[in-house]
Structures are given as C-alpha cells and as structure tokens.
There are 2 protein chains.
Amino acid sequence: LKKTIITVSLPMIFLLLPFVPSNRLAAQQPKNQDQEIAEKYVRSALTEQKGYKLLGEMCTMGPRLSGSANSIRVMRWAERKMKELGFNRVWMQPVMVPHWVRGDVEKAEISKSRGFNGRALNVASLGGSIGTDPAGITAGVLEVHSFEELKSAGSRANGKIIFFNRPMDIGEINTFRAYGEAVNQRTQGAIEASRAGGVGAIVRSVTTRYDNVPHVGVMYYNDSIPKVPSVAIGLEDADFLSEALKCDPQLQVHLTLDCKTLPDTQSYNLIGEITGSEKPDEIVLVGGHFDCWDKGQGAQDDGAGCMQSMEVLDLFHRLNIRPKRTIRCVFFINEENGTRGGEYYGQYADTTGFEHVAAIESDRGAATPRGFTVHGDSLVLEKIRGWLPVLQNAGIDWVRSGHGGTDISRIKEAIAQIGYVPDGQRYFDYHHSDNDVFATVDPREFELGAASMAVLVYLISEYGL
Amino acid sequence: LKKTIITVSLPMIFLLLPFVPSNRLAAQQPKNQDQEIAEKYVRSALTEQKGYKLLGEMCTMGPRLSGSANSIRVMRWAERKMKELGFNRVWMQPVMVPHWVRGDVEKAEISKSRGFNGRALNVASLGGSIGTDPAGITAGVLEVHSFEELKSAGSRANGKIIFFNRPMDIGEINTFRAYGEAVNQRTQGAIEASRAGGVGAIVRSVTTRYDNVPHVGVMYYNDSIPKVPSVAIGLEDADFLSEALKCDPQLQVHLTLDCKTLPDTQSYNLIGEITGSEKPDEIVLVGGHFDCWDKGQGAQDDGAGCMQSMEVLDLFHRLNIRPKRTIRCVFFINEENGTRGGEYYGQYADTTGFEHVAAIESDRGAATPRGFTVHGDSLVLEKIRGWLPVLQNAGIDWVRSGHGGTDISRIKEAIAQIGYVPDGQRYFDYHHSDNDVFATVDPREFELGAASMAVLVYLISEYGL
C-alpha cells in the first residue's frame, strides 16, 4: 500500500470495507512463516493422529468419575504418557474431591396401574442424588413442564414423584443455549420437587437425540429442604410415561436406587509442561477436564479435550519447535460435580510467581473446529482476531467474545481465558450418557481441534497478548 | 454514525478496521425482519426434519445410477412427493444418458504367487470400465505411484496390470483439494496403463477412511488407445497387495469383470417450482444431482442435496412465505458419469425466456454448514457477503469467491452460481462407496443445510442480485 493521504468521511470508510477481502484486513501482524507453521501442525496432527490414538487407548480403561479408584488408575496412565512424550515437568496437584457412587441398583418400574404393571423405565441416578431405602419408594407421579407449573399444582404434588418432562428445544441452532434452558430441571428438580411436597424426581434427559438412553449429570440439594432421590429418564420412556399417565393418572412408580455420597477423597490435577526458551515464567495453559460421568467412556466429555491438550505439547516436540513461553497442559479433576480441580488450580496459580498469559480450554467435544471464544478485554480480543488468517489454516472461522471455560475461569490473572469451540450440533447426542464413546469421535475432526489449539498456543507463545 | 469529515491515511484505515465488529460491517442492508425469518426457517427445519425423513425414505429404495430402471422408479417417487408438497409446477425434462451396468461379477484374486494363491482382493469396477472375457485375465502386477513412475518403468509395464497406489493426502485439511490431487489415478489410470502396454488397472480408493471398502467413480477412455478394465481396491487390500508384491514381485492377479456400457437411454431431470408473486419470470434455482453410484445408498452424494433442495421449497410453504421470484428445485440426472442433466438444463435455460437470477447447488454432503462459494462478479459476491448477519442464523460463517457446482455451471446467464459448503472432513469417508448410507447423515446437520439454503434463496428472491 502506498502511504497516500486521502480525505474520506466515516460513512465512506464503511462503504469501502466490504470490497477488501476480509482475510487481508487482519493479516497485518502474522507473517507467512506463521501460516507455514500452522500448516505443519495441521499436517502432523492429521497424518499421525497421535492424540486420537491415545484417546482410544484411554477410553478402553473405564470411566473416570471424580473420587473413583479408576480415575486415579487412568490418571497414572496419563502421567506415564506425559513422561514418555518427554514433557520437561510432569506433576500431580493434590485436590480433595466429592465422592459420589452410583451403586449397583438403579431401577424404576410402573407398579400400580391399569395395564402397565411391571413396565420398566430406563432411568439413571443423577450425580449427587441420595438413594432410596433398599425396598425402594412407591408413589404416584405428577408430570410438569416447569417449576411454575409445579407450584401451581399445589397439594397435588404431595407424596408424588415429580416428573419434569420439558423437552430440550431442538429448534434452537445453538445446542449449548438449548441445554442451558432445559438443564435446571436436572440441577434443581429435586429441590423443587421436595419443596412442593414430592418424594422424588424423574427428569427428562437433556439431549438432542431421540432414543432411550438416560443422560445424567450433576444435581443439587438445598440443606434447608429434605433431600429426595432424582433420576434421568430416556426420551422414549419419558414419552411413554407421559402417555401412560394420560391413560391412568393414578399409576404408581416403584423406584430403587443405592447411590450415595461418601466422604471427600484424595484426587489430583495432572500437569505437564514444556519449558519456554525465552520467558519460562510466562505460562500458556491448555487443558480439559479429566473426570467424566460413569456412563459411556467420557470420550467427547472430556477425554477429547485432555488428549487434544496433551497432543498440543507433543506437536511442539514432533515439529521441533521450542516455544518462547512455557506451554502447560492441565487435566483438571472434578469439573462435572464440584469443579474442585479448577478451584485448586486457580489458588495455586495465584501463588506461584508464574504469570498465566492465557488459558485455553477444550470442553465442547471433538467435532470439527469453528472458532474460539475469548474472555478478555477488547484489545486482546482484537489481537487474537488478527491471527485469523493463520488460524484459518486449522479450520477456525471466527474469534468472538465469550466464555472461556469452567475450569480456567478460576485463573483470574490470565490476560485471556479462551474456549475452543468445535461444531455443537451432535454434542448433546452423546453428553453424559452411554452414547459418549470413542466410536463417535471422528479422527480428522478431533485432530483439527488439537492442531487449532496448537496454532493459537504457538502464536501466544511467540507474540504474547 | 455521525457524518463527520475526518482525514485519514490509508494505512490508518487498516488500523481501524480490526476494532469494528465484523458483523456490523456487513449489516447495512438486511433488516431485523430477515433475521427473524431466518430463525423461522431454522426452527422449522430442525423441529420437523422433513427433508431428513424424505431422504431416509428415498435411501430405502435402492441406488439411482444413471440409465438404471431403478433411477426412474425413484424419480417417479420424488415427482409424487413434489406434487404432494403442493409445488405449483412439477415436470420432467427428458435427458439421454449413458447406460453403464456393473453386472454380476467383479472379482480379483492372487492366482500365481509364493504363498498368496487364492487370496481375494476387495475390488469394484470403476464406472465406464469395460469387462473382461468371462474367463477373466491373469497378469503380473506393476505398482506405481504416479504416471511419471509408470512412464519410467518402460517395458516392465508390458502385459501387466498397473496398480496405481498413491494415497490421498490425509495431511491436507481441505479434503476436496486432496481428492482433486489423487483422483487422476482413477479417471486416467486405464488410459495411462494401456498407453504403457498394460492390460488393466487397479486403483487405490480415493478416501479419507482407512478400511477395506472400494470407492468407485467415473473413469475415462481415449478412443485412440485400447481399452483395458479398471477397478478400485479397498485401502487394506491395497496395502496388502503392496506388501505381497515386495515378497513376490512375480505374483499374478486374476481379474474377472462383467461390467459393460449399453446404448444411451432415456432419463430425466426432475423440476418443481413455486411461482413468484412479483417476478414470476425470474428464477432462483436450488438443486442437487439425483443420480448416484450403485454402491451404498447415495445418501451423502447426493441424495442429501436433492432432499435439502426439495425442503427449501417446502419451507416456504410451511412458513406461508410467498416468494417474490420463482423458486425452482432441480434434480439433475447424470452428474456422476456424463453431466448430461446439467448440459440439457443449461440448453433449456438459454431458450425459455425465464431469467435465472441465481443457481445454488448442494453436492458436498450433509455435514454441518460452513459457507457458500460464489461464482459471479465482485459486486454480487459482496452483496451476498452483506447478508452474512442473516445467514449466520443458519450456521453459515462465510461467503467466498469460488466454484458454484458442476450441474449449475451450464446455466451461463445466472448472475451467480453458488455452492453450498458443509464441513468436508468426513465426506470422503463415504463418497462413492458402500459407506454412503443414510445412517451417516446427522439430522440436525442435514437440516441446517436445507435451512441455510432456504435463507439464501429467500434473500435473493426478496432483493435480487
């Protein structure tokens, strides 16, 4: 561009804009060399598929619910892998975590009805729920679609199992928004059921896929209100139960659960890093959460985010790229039911004398990359947006202001908390259920997630924020 | 914005740009009303999933290879569906198409070797290939990775079956580009094999998925060079054959095919439309190709594009939106092995007195939306890009200059030929093979394709180009 002085009005600037290719606008800072490096990360990820293979191996080892012995066993495996990959430092940060166990029995069936006796309902205890007496509870069922409807039911809720049956809004393109709008039935259902006089809660699974698989997740109690047991139910059985209630409003359900909460127990965050060559005290963090629910394999939520993060560091090794700043991979424990890992790490980050330049979290599944959301000031957002011409080489189409991630939200000193955003259309088909298995992970889509985070980590490490 | 006159240098303009949210730049023309309408299209598509259900129904009816009786049978079904959906006009445009048939036998096995005799190879005849004598051919095998390597082999190619074993480059993020770089082995392999003195061609399948499924597709002959038979081979068997050749370079393969080309036969393009309320002589076309290969179900390629296009028109009906311009849905025949449907339609478009404002093609599978590529001048491109704030409601992240589509490329008068671009990471896992079945289609991703095209069709119909 010649440095010509011209006179334009502001509106004229805006008229000019659409004719400048958008890639060019932001392409001032990064050099072509960065684009070449981005292509190398992508090529190495797609051809070697190393993180994908590690995820497959991890998924054979059983679920990683916080507090479980198996979660520790699998974390030891991950620790060995980090060491085998040659990270400069690998350590575990002790974290005390809640210890809820599902137990052996989670059973619901229609017990007193006109014609439905003995019909089983596919349910699963929600995380944190109390169990029932060994003999179970038997009660009538009140179906509602909102807490308001429950309140207006008045005494009809007394002694009933409350059946929260409001569907997730599948007409909403943003599945995470639809999830957010539906999930209070699961998180608050037992509290509201009990407050209304109910003896239990059955919650329609929050999912985009129509099948009969219960989707679990955390639920809460309020200490001032009696605790009642709470379960998720598969969609087909939710619709069946709703129809059955129309035929026989007096039908009763027999519910038996032996889940329970044990005392808090010792667990860990797993941390590995590659030391920066120029600014080793400045950290660029990338991570996911190690724990998952005890249904399925936690492949999408969030085994993928962990194995992608581990591969980010390995990509630096494979390509023989020494980062200027320290790249740290963190597997947070207990995101699902307590977020203690994020809490402990945040406290640790405040006290170590290291500076966290940025923290990036992958916890939205393993689908194809779309963008990054940035929690930071507008200058930081625009700096990262300026790297789009480089990030596009790894399938990233946008950088927007938004939430970074649950675990990294506690790292308050980070200049930017950044969320990796893959496509979200299929995520809630799998989420918190037996559907969340390795077979649902596409290797190329998974690997582009690792590559796109590696490219962003590289740029932050090179240029700072 | 106040109309303040300020003085800036050109470089200063570029410094300012990154701080203007990109959505705002392009948001001048469309009204909020358009965004609301876009949301309605999306909601209706995601909740009713009508096109998805129609695709499921169509996929049960068998493949639709050009010239086959079944392709006509399924097209009659589609014609009935268009009429049931209440399109204003539905008709078939006669098209003479090539008529290649696979026959009953496609068989390859290792016949003379040290230790591999009788080992079958999973092959499938390539579209257009001649068959062998009923007794088959038996010949040694020469493995090559490029036409140059074949030329330099000289007389070693004489009497051999040439085994083209160059893999698709899975390190390339753009799978369509990687396909383009690998596919000449399939399209030109028989010509080059014969030119070198070979008696047949075995071609490594062009696919991103590592399995043993042959991926077929069109191949060509050159009239001045003897025709030799040509097959695709699954990747596992391609690697096996390569290893076997290292053990025994003299091994022979016995190949028997009874595929053949029959005389051209009568087929059709299927066309349906909703008449425009203000400019009925101006056409906004949306379509895909109806034919597919006779492996799998042609669900992704291109049943999806057809059923999405049909649903575009139905979305106008469902939402009671009368388009200003005529919306025409075209199912082109014979894209796979002749593109006669596109050719005939282009001739027809030149002669009817209708004006094609735009033509949109969906022929890249049913995955989640990414963008649109526009073949048209820069003003048209920028007009469409200005609609991004509306299109984003349906998952579209970008509008770029690029190829519109094979079938619509013959509609020369169209101001814009536009390609719908879903995510491409998984497409070549399925393409032209037994893997291309309805079960691979995600309902939400498919439906967002229909909705995003409907929104674009709506905007063009309302505002022109």
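By convention in this document, chain letters (A, B, ...) are assigned in the order of the sequence lines, proteins followed by strands, and residues within each chain are numbered from 1. What you see is a predicted model, and the numbers here were worked out from it, not measured in a lab.
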- line: Max heavy-atom pairs within cutoff under 4.5 Å with chain A, candidates Ser401(B), Pro369(B), Ala45(B), goes to Pro369(B)
field: For chain A, the option from Thr208(B), Asp423(B), Val42(B) that forms the most heavy-atom pairs under 4.5 Å
entry: Asp423(B)
Max heavy-atom pair count under 4.5 Å with chain B, selected residue of Glu447(A), Gln425(A), Gln49(A): Gln425(A)
message: Taking every non-hydrogen pair under 4.5 Å, which of Thr47(A), Asp169(A), Ile173(A) racks up the most with chain B?
response: Ile173(A)
Region of Asn393(B) that comes under 4.5 Å of a non-hydrogen atom in chain A: backbone
- prompt: So what's closer than 4.5 Å to chain A heavy atoms on Ala367(B): side chain, backbone, both or neither?
  reply: neither
Leu448(A) portion near chain B, given a 4.5 angstrom heavy-atom threshold: side chain
- request: Would you mind checking which part of Arg370(A) comes under 4.5 Å of any heavy atom in chain B, side chain (CB onward), backbone (N, CA, C, O), both or neither?
  value: both
- line: Contact list (residues 437-444 of chain A to chain B, heavy-atom gap under 4.5 Å, by number) returns Asp442(A), Arg444(A)
field: salt bridge (charged side-chain N to carboxylate O under 4.0 Å, His left out) against Glu181(B), all qualifying residues, sequence neighbours excluded
entry: none
message: Give the interface residues of residues 427-436 of chain B toward chain A, defined by a heavy-atom separation under 4.5 Å.
response: Asp429(B)
query: Any idea which heavy atoms bring Ile170(A) and Leu46(B) closest together, and the distance?
result: O-CB, 3.2 Å
message: Within the supplied structure, the quantity of interest is the number of heavy atoms (other residues, nucleotides, ligands) at a distance under 6.0 Å from Lys40(B) NZ; does it exceed 12?
response: no
message: So, using ring pair (Phe, Tyr, Trp, His ring centres under 6.0 Å) as the criterion, who are the partners of Phe446(A) when residues are at least two apart?
response: none
